[in-house]
Amino acid sequence: MPTAKNMNQLNQMLLKSLDRAMREASESIMEDMDREVKGFYSGGSPVQYQRTGALGDTPRTTAVSTSKSVHGGSVSFEAYLDQTHQYTTGRYPSMGLVLEHANKGGDMTNPPMRAVVGNSGFWDRAEEQMQDHLDDAISRHFT
């Protein structure tokens with residue numbers, strides 16, 4: 001492993017390692033989000049509507065971004081569910097509403113969404129796993 005001769009070199013080395021760790025974490029997080037969201041469909045078959053599969057296409061991550069400054073820098077990316085899809089059928093075409101209700105599960109007190117059928121909690125589970133992936137990736141690069 002190379003040795004830093006000054007603070008600038010040390011910062012550069014740390015940012016490179018952090019960048020690699022964040023890229024690994026981003027890939028693992030994307031795999032989890034994809035698996036969890038696609039797993040929604042294993043929770044039963046709807047009777048009152050026909051599935052389009054659009055929900056399964058919502059997991060996204062942004063590119064890993066490194067920002068350098070005089071005092072160090074940062075490395076970041078975002079993990080999210082894309083809410084830009086608009087359904088062409090049903091009374092509520094908003095992907096945001098569909099994601100919210102699909103994650104919570106069918107709500108028997110809310111007539112428009114009570115028919116949402118699937119394995120709920122997919123986003124909650126994916127979010128819980130994100131920190132584990134970040135911790136694992138960082139520990140591999142900084143121990």
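What you see is a predicted model; the values in this text were computed from it and never measured. The chain is numbered in sequence order, starting from 1.
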- request: Apply side chain to side chain contact (heavy atoms under 4.5 Å, CB included) to the pair D57 and H85, showing each step before the final yes or no.
  value: CA-CA 9 Å; D57 295 331; H85 179 79; over 6 Å; no
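Between the side chain of N103 and the backbone N or O of S120, no donor-acceptor pair lies under 3.5 Å. In this structure, S17 contributes its side chain and L14 its backbone to no donor-acceptor pair below 3.5 Å.
For residues 11-25, the salt bridge (charged side-chain N to carboxylate O under 4.0 Å, His left out) pairs, not counting sequence neighbours, are D19-R23, E24-R140. Pairs engaging residues 31-55 under the salt bridge (charged side-chain N to carboxylate O under 4.0 Å, His left out) rule: D32-R35, D34-K38, E36-R125 [sequence neighbours left out]. Within the structure, salt bridge (charged side-chain N to carboxylate O under 4.0 Å, His left out) contacts touching residues 73-86 (residues at least two apart or in different chains) are R60-D82.
Side-chain contact between T58 and Y80 is absent, with no heavy-atom pair separated by less than 4.5 Å. The side-chain heavy atoms of L81 and M95, taken from C-beta on, include no pair separated by under 4.5 Å.
Scanning for side chain to side chain contact (heavy atoms under 4.5 Å, CB included) contacts around A21 gives A137, I138, H141, with sequence neighbours left out. By the side chain to side chain contact (heavy atoms under 4.5 Å, CB included) test, S28 pairs with H133, sequence neighbours left out. With sequence neighbours excluded, the residues forming a salt bridge (Lys or Arg N to Asp or Glu O under 4.0 Å) with E100 are K104, listed by chain and number.
For S26 against T62, the heavy-atom pair with the smallest separation is OG-O, 4.4 Å.
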